[in-house]
Amino acid sequence: MKRIHFVTAVMILILAWSVVGYAQDFAHIEALLDRIEQRSSFENTDFSALVNMIVEDPEKGIEKIVVRQFSRNNGEKFLLLIQEPVANKGQGHLRDGDSLWMYDPSSRKFAHTSLKENFQDSDARNSDFVVESYATSYEIEGYEEGKLGNFAVYIVSLAAQSDNASVPYSKIWITKDTELVLKVEEYSLNRRLMRTNLYPKYAKVGDNLIPVQMIFIDELVAGQKTQMSLSEVSTNDIPDHVFTKAYVERVNR
Amino acid sequence: MRILLTIAWRNIRQHKTKTTIIGLIMAIGIMVLVVGNSLMDTATAGIEKLYIKNFTGHLMVTGSTKGRLTIFGYEDNTAMEQAVPRIPDYAKVVEFARSLPYVEAVNPQVSGMALVSKDDEQLHASLFMGIAPDQYLTMFPDNIEIHAGDFWSEGGEGILLNKAIADQIAEYRDVVIEPGDRLLLTSISQVGGMKIREVEVTGIFSFKQSTVQLDFTSLVDTSNARALSGMVLGHVTPAELSVEEQAFLGQIDEESFFTDFDDLFSSVLVDDIATDDDYWYSIMGENTTNDVFSQEDTGAWQYLLIRLRDEKYLTQAQADFNRFFDEEGIPAQTLDWLQSAGAMAEMSKAVKSIFNVIVLIIAVVAIIIIMNTLVIAITERMGEIGTMRAIGAQKRFVRRMVYLETLLLSGISGLVGVIGGAVVLGILNLVGLKANNIFVEMIYGGKVLRPELSMSSVVMSLVVVIVVGIVSSTYPTFIVMRTSPLKAMESSR
């Protein structure tokens, strides 16, 4: 009888150890995701950049879009001004809290949208779509160690757990030593690969590390790809008047 | 023949009960056929008439395109990706259209979709048709009812807002839109970017015969419609890419991006932003080019709707236009009314085909009942026919007599059935069959169906009853003729 008790106790111990072991592993990855998020956050600083997008479409060809971006408090206030294509030059999107204005320079008119309004009659709000966080919007399903190019990486599998998540499942490749996200795969609900995102270039901006070159590959349409690069990046203070309708109008004169 | 006719008529009158029952069954069968087919014919003609007369004309000319183009724009997944093409060499095309003797009227249009806002509040969305009122009213003189206000003045700007949209805005947003109000129309597309126009409501209207899609459609002046549809003089220039940007085009090897740690960090400039006003107000550079690029392409149209003097010219018109486009090298195409009317019209047709099958099944059942009744009726007369044969009547004589009887009965019953059907249809026409849901509305091609007696259904029903009569009397007559007179007489005992 004593022997049976002993075996049971050992089994419980092994089980408890394995559970704790897993929990510790996940905690380590959770901490890693938190650090990545902190490092790319611009909570108390302004941020500006010139964003270049090259859209490759197998049918439409290549299109270049250049947007100037000004942002404050992680996008609580932002202004996007289109510089290219020339036909759309000056079109702007200005956000201030729950208000979003769109500006058309050809008519010099603003159209207003409230971010408080429910998104297409769903339970989600427009504002829910603004911020996405790996740490809070996803839970870790598992991870493994592997290699991407010459870098040793963690390959972390995530599953959405909040409405803020943009995709149901994703897999991210994070360098083990420098903790940089190099690649993300986005999956649909039935685990079909929809998009692959590559982050081949980073830049140090103040205390932050941000990707300045990104490639988004549409896995559903062969040959469809967007590359995005950031230049003229700055975290210097942006004057308050930049986040106003008057500025958007004046800068277009 | 006269003797035969007399005997046949006398036989019909002699078997009064039997004749009445058979006649009634046949008459009801014919009535069902006439009413069912007339309903379907009216509904089919209704949809065709509804669209041709009120929205599409017989033929639509557009620029050549791959997508599924309708008067409402693209109705496939290319809608956001490609702009509706402008008709190339529009002046030449319209001149050619007007030169054709069978063309009665032409009307150019532009289509699009916009969000509708007022006082910083987004209220609704609306499809729109950009039109020139005088040409539109010439083409479709009786398709709209104006409830308040009017069209914009000639050469002016404005929107004639659909009453269904105005009603929904009043109900759900508690905002009453009236003529004189100014609305902001915002259109967004991947191709044209974002366009915002402030337009005065000059009137509230509704289409006299409408569908869900049309209830969602307003009429806008051409200048604003062109702007909202991105029909500006500017054109897309090929993108100029740096060497670094070109390196990422086409197939890429992701492993090759991640070889060296130093390569992971960019030499991207992290700037100190200047703080003086000169910097902030000059970041967009020279803006004069923008004005050139956003100038309206006056005279450009997406659709040319054509009404013919008669539908019989449709094939000829399509052939003539296609020949003209080939000869002149104009990349344009023609679409018939069904293609240009879009998904709702096609869905109506599809739903109607299902109902046609149901009517066909009812017709087959009615025919089987009629045949069965006739077979029984003739088989029952075996003894009588045997007696006639025994007293010297020739096979040929008896056969002709039976056929004549059947023809007389079918003819009279058919006539009664047609008259009965006409009366039923007359009543339905007066009362009007109201569609109480979208599904029925699609079958009717409108909100109310007033069925009319269709001559094709009358002719078809009479032919059916006579053929059925002959076919169904042939088999029992054949059996009776093969039976010896003695046996036939015995069977009647």
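The chains referred to below are lettered A, B, ... by the order of the sequence lines, with proteins before strands, and numbering in each begins at 1. Excluded from the calculations below are hydrogen atoms, water molecules and symmetry mates; all remaining heavy atoms, backbone and side chain alike, are included.
If you measure heavy-atom distances from Leu182(A) to chain B, the contacts under 4.5 Å come from both the backbone and the side chain. Neither the backbone nor the side chain of Asp177(A) comes within contact range of chain B; no heavy atom of the residue lies under 4.5 Å from a heavy atom of that chain. Within the 4.5 angstrom heavy-atom criterion, atoms from both the backbone and the side chain of Lys109(A) approach chain B. At a 4.5 Å heavy-atom cutoff, the contact between Ile82(A) and chain B is made by backbone atoms alone. Contact annotation for Leu148(A): both backbone and side-chain heavy atoms come within less than 4.5 Å of a heavy atom of chain B. For a residue to count as touching a neighbouring chain, one of its non-hydrogen atoms must lie under 4.5 Å from one of that chain's; by this rule Leu50(A) does not touch chain B. Contacts of Ile196(B) with chain A are made by both backbone and side-chain atoms, with heavy-atom separations under 4.5 Å. For chain B, no part of Glu84(A) is nearby; none of its heavy atoms comes within less than 4.5 Å.
Judged purely by distance below 3.5 Å, without hydrogens or angles, the side chains of Ser170(A) and Glu185(A) never pair a donor atom with an acceptor atom. At a cut-off of 3.5 Å, with distance as the only test, no side-chain donor of Thr235(A) or Thr45(A) sits close to an acceptor on the other residue. Between the side chains of Tyr74(B) and Thr65(B), at least one donor N or O lies within less than 3.5 Å of an accepting N or O.
Side-chain atoms of Leu160(B) and Phe151(B), non-hydrogen and from C-beta on, do get closer than 4.5 Å to each other.
Counting heavy-atom pairs closer than 4.5 Å to chain A, the top-ranked of the candidates Asp260(B), Thr259(B), Asp263(B), Leu185(B) is Thr259(B). Interface remark: of the candidates Asp104(A), Leu209(A), Thr196(A), Asp104(A) forms the most heavy-atom pairs closer than 4.5 Å to chain B.
Classified by interplanar angle (parallel below 30°, tilted 30° to 60°, perpendicular above 60°), the ring pair Trp301(B)/Tyr90(B) is tilted. Taking the six-membered ring for Trp and thresholds of 30 and 60 degrees, Tyr247(A) and Trp280(B) have ring planes more than 60 degrees apart, a perpendicular arrangement.
Not counting sequence neighbours, His93(A) has no partner by the ring-ring contact (aromatic ring centres under 6.0 Å, His included) test.
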